[in-house]
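Chain letters run A, B, ... following the sequence lines, proteins first and then strands; every chain starts at 1.
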Amino acid sequence: MKHATRKVVGLSLVSLTALAAFIMVAMLAFILLDVVQGGWSHVSWQFLSQAPTDGMMGGGIFPALFGTAALTLLMTLAVMPVGVLTAVYLHEYARPSSFLARAVRVAVANLAGVPSIVFGLFGLGFFILFVGKGLDHALGYEELHWAQPGILWASLTLAVLTLPVVIVSTEEALRAVPQEQRTASLALGATQSQTLARVVLPGALPGILTGAVLAVSRGAGEVAPILFTGAAYFLPDLPTSLNSQFMHLGYHTYVLATQSPDVEATRPLLYATVLVLLLLTFALNLVAVLIRTRTRRKAAAGH
Amino acid sequence: MQEQDLAPPVALPTLSHAARRRQLKEKAIAALITAVAFTGIAALVLILVFVAKEALTLVTDAAAREEASFSKMFLPQMVRKGKPLGYVWQPVSNVPKVSMIPLFIGTLKTTAVSMLVAVPLGIFGALFAAEFAPRRLREVLKPTIELLAGIPSVVLGFFALMVMASFLQETFGFTSRLNAVVAGLGLALAIVPVIFTVTEDALTAVPRSYREASLALGATPWETAWKVVLPAAAPGILAACVLGFGRAIGETMIVLMASGNAAIVSWNLGDSVRSLSATIAAEMGEVVVGSPHYALLFFIGVELFLFTFVLNLLAGMWTKKVIQRLKGGAG
């Protein structure tokens, strides 16, 4: 190829890739601008602290905020011990080449790719119809008590969904703990579990927290898995027990966007709800990023 | 971690009572952690088992077998007397029609649109980030894409439904406001970050020596990127596309909100469509538990699980391949 042609082809290829990157950033900016512009003026203390009124054409989103928070809190309590211990097994106990470790890795990678709606079906089939029914039977309830959609089943379903997130980020956190610290602890006569509890896990704590925050931000936005496991269309009362149904910001968004009798009237409410949901997930992501960069800098300084 | 390797192969001295108890405790803790690690495998197996279990009535129950047989799901059926054979999804009517073909076509159409948009955007964007962008710009670009990945799909569905649908209808004059193009573009927003991130990882995994060798031979930076780095990372990029494809097939909320949800057999991208995942989400609420329709929705879940499972296995294999190839080549 001639020099000039090479230059032209090169320049056009590079600008093409730059254009692609620009389009992605522009799409994000456009979505954010649209949501902020549409929702900003409607977000107020009253909006955040009141229940919906007038058939969801007025009022606020407090039950949905509360439901989302309660749901993700329960989910985190369920997923963290399992996720962290699995990562500890993979990084501290198993030989990397062992069959079990490889099988766990493949399973976790595939779990991350299971469609979210299939998690919803699983929650219904396993938690509600199998575990819930079994519980009702064992506890002698005459009517449905556990064998119905509720916040416990929805959060356990989400816990299974976010398990890969926690495992992957905890493993990364364990990898960041210097090997010398383990060796030193073992050399001083500590057992493996003592080393784990007093040296490795405290060292990995910031990274583990990052995983928790990422799981929460992922779990808080998922709607498909809670469609049939506990989310309620309209429920001004807050959930009072583990088998209550609950309102949810994402599900509320879906309902307002698709089932409203008067789209124009609900538009400000809808935009404001979306803005709150976005701010919530972005704030969580930001916290995760901040913890991660701080730990990395610390780790880099320590070496 | 390597205690076993260090232990000498000679007879151990007899341990004191306390030491033996401590050893026992260590073994118990290790066993507990190993047991918990099975949860991931158990979850995957339980998902398949319990979704398939609810679909099983399609095989075991005679009435369900009659109403929703496999030939009715996949072969053309007589819909009305005197009319040609066709494919209709209408599970709640006097005579339920349960052809999966309109749902397959709908899923394929939205997925195809999203891939057509997201694959070039994601790969070219990753090429820019990994090869051409100045360091400063790259450090802004990556977190921005992560932010895009952090948007919940229900928000993307809302955006496709409220903003993109009207804009696209005014621009292209679609007969139905909600259609495969709107849903596909919404999906593209969801899978672009996946394709970008995995491609970028594959590109940065290519050793510096490859680039230096190419540049030393007189190739320009773009020739190096296009003819050396890109081919070297090819399996990883393929994996990125397969992962994105799997995500697009299974994604529910965007399609549910922006596709129009009409099970029509047509290859026109401007028509409303109904996807497999959206069908589950839309119909599970009103279905009678245990009915053939209910079993059918779980059967769709099994299909989605198996599709995405195979795609994920392939993607995993290809990711491993790129690492092996680069390690072998660079060594």
Is there a side-chain contact (heavy atoms from CB on, under 4.5 Å) between A/Val104 and B/Ile41? Walk through the geometry before answering. CA-CA 6 Å; A/Val104 171; B/Ile41 302 176; 3.8 Å; yes

Set out, in order, the CA-CA distance, both residues' side-chain angles and the distance that settles side-chain contact (heavy atoms from CB on, under 4.5 Å) for B/Leu189 and A/Ile31, then state yes or no. CA-CA 10 Å; B/Leu189 290 171; A/Ile31 295 175; 3.9 Å; yes

Audit row: B/Met162, A/Leu270, side-chain contact (heavy atoms from CB on, under 4.5 Å) steps and yes/no: CA-CA 10 Å; B/Met162 302 292 285; A/Leu270 175 55; 3.7 Å; yes

Would you sort out whether A/Phe30 and B/Val163 count as a side-chain contact (heavy atoms from CB on, under 4.5 Å), showing the intermediate values? CA-CA 11 Å; A/Phe30 190 72; B/Val163 182; 4.2 Å; yes

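Across all non-hydrogen atoms, the minimal contact from A/Gly250 to B/Val154 is O-CG2, 3.5 Å. A/Gly113 and B/Asn312 get closest at one heavy-atom pair: CA-ND2, 3.3 Å. Contact record, B/Gly301 with A/Val118: O-CG2, 3.8 Å, taken as the closest heavy-atom pair. The two residues B/Pro152 and A/Leu278 come nearest to each other via the heavy atoms CD-CD2, 4.1 Å. The minimum heavy-atom distance linking A/Met24 with B/Gly125 is given by the pair CE-CA, 3.7 Å. Between A/Phe282 and B/Gly150, the closest heavy-atom pair is CE1-C, 4.3 Å.
Of the two parts of A/Leu277, only the side chain, counted from C-beta on, holds a non-hydrogen atom closer than 4.5 Å to a non-hydrogen atom of chain B. Only the side chain of A/Leu196 has a heavy atom closer than 4.5 Å to any heavy atom of chain B. Looking at B/Ala129, neither its backbone nor its side chain comes within 4.5 Å of chain A, counting heavy atoms on both sides. With a 4.5 angstrom heavy-atom cutoff, A/Phe126 touches chain B via backbone and side-chain atoms both. A/Leu256 does not touch chain B: none of its heavy atoms, backbone or side chain, sits under 4.5 Å away. Contact of A/Leu286 with chain B is not made at all, since no heavy-atom distance falls under 4.5 Å. Only the side chain of A/Asn285 has a heavy atom closer than 4.5 Å to any heavy atom of chain B. Contacts of B/Phe132 with chain A are made by side-chain atoms alone, with heavy-atom separations under 4.5 Å and no backbone atom involved. Only the side chain of A/Leu163 has a heavy atom closer than 4.5 Å to any heavy atom of chain B. Using a 4.5 Å cut-off between heavy atoms, B/Leu161 touches chain A through its side chain atoms alone. Looking at A/Phe119, only its side chain comes within 4.5 Å of chain B, counting heavy atoms on both sides. In this structure, chain B has a heavy atom under 4.5 Å from the backbone of A/Ala112, while its side chain stays farther away. With a 4.5 angstrom heavy-atom cutoff, B/Ala188 does not touch chain A via any of its atoms.
Put simply, of A/Leu32, A/Thr281, A/Leu13, the one with the most heavy-atom pairs under 4.5 Å next to chain B is A/Leu13. Among the candidates B/Leu256, B/Ile145, B/Val45, the residue making the largest number of heavy-atom pairs closer than 4.5 Å to chain A is B/Leu256. With respect to chain A, the highest number of heavy-atom pairs below 4.5 Å among B/Leu156, B/Thr39, B/Leu313 belongs to B/Leu313. Chain B forms the most heavy-atom pairs under 4.5 Å with one residue out of A/Leu19, A/Leu11, A/Leu124, A/Val263, and that residue is A/Leu124. For the options B/Thr144, B/Ile280, B/Val49, heavy-atom pairs under 4.5 Å to chain A are most numerous at B/Ile280. Of the listed residues (B/Leu147, B/Leu304, B/Leu48), the one with the most heavy-atom contacts under 4.5 Å to chain A is B/Leu147. Contact count versus chain A (heavy atoms, under 4.5 Å) is highest, among B/Leu127, B/Leu137, B/Leu141, B/Ile151, for B/Ile151.
Although no hydrogens or angles enter the test, the distance criterion places no donor-acceptor pair under 3.5 Å between the side chain of A/Gln192 and the main chain of B/Glu26. Of the possible donor and acceptor atoms, one in the side chain of B/Trp222 sits under 3.5 Å from a partner among the backbone N and O of A/Arg6.
The six-membered or imidazole ring of A/Tyr254 lies away from that of B/Phe158, with a centre-to-centre distance of 6.0 Å or more.
The side-chain contact (heavy atoms from CB on, under 4.5 Å) test with A/Tyr89 is passed by exactly one of B/Val36, B/Ile33, B/Leu32: B/Ile33.
Rounding to the nearest 0.5 Å places CG of A/Leu121 at 9.0 Å from CD1 of B/Ile300.
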